[in-house]
Asks: 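Take this structure first; my questions come after.
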Amino acid sequence: MKIPLPFLFPGTLLLASLAMLSSTVFGVNSPLPPPNYDESRVGSFTLPEALRMADGSPVETAQDWTRRRRPELLELYRQHVYGRTPQIQGPLEFRELDSREDALGGTAVRKRVWITLKDRPAWKGLEVLLYVPRKRSGPVPCFVGLNFMGNHSTTRETDLPISSQWLQFRAQSGAPPRKGDPETPESSRGFQHGRWNPEAIVGAGCAVATAYYGDLELDFPTGWTQGVRAALSPQGAQTEWKPDDWGAIGAWAWGLSRILDFLGTVPEVDAQKCAVIGHSRLGKAALWAGAQDERFSVVISNNSGEGGAALMRRQFGETVEVITARFPHWFAPRFNQYVRHEDACPVDQHLLIALCAPRPVAIGSAEEDRWADPTGEFLSGYHAGPVYRLFGKQGLASPEKPGVGTGATGDTISYHLRPGPHDINAEDWKEYLRFCKRHWNLQE
Ligand code: GTR
């Protein structure tokens, strides 16, 4: 199986690469079915009820939800979808690499910090890039998210080292370079600046902390042997995975919580106001991090699609069959059971959104990103609503997906559909900043 690069897939390229792929599900090398983009062929399905325990008993109060249903659902997600996140072993260490008071043209303080596990030297650690506005009257809220190509790719500042883990990914992934990718390591500087735009975040009075997702696990099927999953397992790279062991999404989500641990030690940041954010596969990780770790005060999913915000029971765009064949390392091994049997899965993704309740969740889709199923992403948000209502909060009022480019709709759960392709850009960030500022009671 070819291992794709985690960069943008233009639709046509994606289809072409899918056609070449095959799945070894059921032990036979069968070609993967083409994606369905016809709404009339999505089929009918019944979603697992948010407000009913597995034993059939109703969930009637916020207390019922918090004490009984939420733990039950977290456990179902561990067993069936993302796997079990292990306890941290030993203390974390935060080592400041450098700090500048004059970053981003003098508007920000910049810190670079290494997070390591003292008792697990096998894991090299996570390098965090943090920008905090210089103009502030107290601790500021912060956006926390992983990036696809190294911290140096998220900023126009040129004095950051090029991520050595990302260079390793390029060398080891076996994937041929794609059109539009940076040709040389040097040209990867600022390559994904538009996905972050730290100047705009800092200009809005917020901090932003990011790290390369490959610092946790390089994104190919054997990447885990060098990453945090091996380091936290007693058998290391010899581990044989059990059905409910964690996958790469679990490892990336774990890393997001470690960044939050670090932010809790930074006096300039208000750790009570930290939003976890992610795009695409990193949106899946952000949702799983936000579902597990209630310290994140806001959860943001951008184009997270299958295994993220999109309902898996909807047969539209990417499916469980395709995602588990192409990315066998992302989920708990048991998730493979639901290939062509999504109905048998005890959860669907509205419950992942519901696990964030009563905290605010923003879901962003892109019109041309049919692969991620914008309607399925919207419906997850909509069907999480009953849980929010138990807490006296409103989610998405209408079951109809809003129109393209009409801006975000919804109260504690919000949804927007941006024109254009699979990506995260200034338009999305405008929505997320507005949403967070409203919930953090900051002036718009
Ligand atoms: C695609 C994958 C999606 C999404 C995307 C990305 O290839 O099928 O689930 O995660 O990659 O992360 O860019």
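Small disclaimer: the values here were computed from a predicted structure and weren't measured. Both ligands and their constituent atoms are indexed starting at 1 by order of listing. One is the number of the first residue; the rest follow in order along the sequence.
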Asks: With backbone taken as N, CA, C and O and side chain as the heavy atoms from C-beta onward, which portion of H279 lies under 4.0 Å from ligand 1: side chain, backbone, both, or neither?
Replies: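 No part of H279 comes within reach of ligand 1.
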Asks: For residues W123 and T116, is any side-chain donor paired with an opposing acceptor at under 3.5 Å?
Replies: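 Checked: W123/T116 side chains show no N/O donor-acceptor pair below 3.5 Å.
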Asks: Does atom CD of Q337 have more than 12 heavy-atom neighbours from other groups under 6.0 Å away?
Replies: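 Yes.
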Asks: Mind checking whether S280 has an N or O less than 3.5 Å away from an N or O of ligand 1?
Replies: yes
Asks: Any atoms of ligand 1 less than 4.0 Å from a non-hydrogen atom of W330? List them with their elements.
Replies: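 Checking each atom against W330, I get 9 (O), 10 (O).
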Asks: Show the atoms of ligand 1 that are less than 4.0 angstrom away from any heavy atom in I323.
Replies: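 Numbered from 1, ligand 1 contributes 9 (O).
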Asks: Closest approach of E217 and G223, non-hydrogen atoms and distance?
Replies: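 The pair with the smallest heavy-atom distance is CG-C, 4.0 Å.
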Asks: For ligand 1, which atoms have a heavy atom of R326 less than 4.0 angstrom away?
Replies: 7 (O), 8 (O)
Asks: Taking atom types as modelled, is there a side-chain donor on T155 or Y131 under 3.5 Å from an acceptor on the other?
Replies: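 Note: T155 and Y131 side chains meet the donor-acceptor criterion.
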Asks: Under 4.0 Å from any heavy atom of K284, which atoms of ligand 1 are there?
Replies: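 Counting from 1, the qualifying ligand atoms are 3 (C), 4 (C), 9 (O), 10 (O).
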Asks: Please list all pairs passing the salt bridge (charged side-chain N to carboxylate O under 4.0 Å, His left out) test where one or both residues lie in residues 282-311, with sequence neighbours left out.
Replies: R70-E294, D261-R295, D293-R295
Asks: Looking just at side-chain N and O atoms, do T225 and T222 make a donor-acceptor pair shorter than 3.5 Å?
Replies: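 Checked: T225/T222 side chains show no N/O donor-acceptor pair below 3.5 Å.
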Asks: Between ligand 1 and E306, is the shortest N or O to N or O distance under 3.5 Å?
Replies: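 N/O-N/O distance under 3.5 Å: no.
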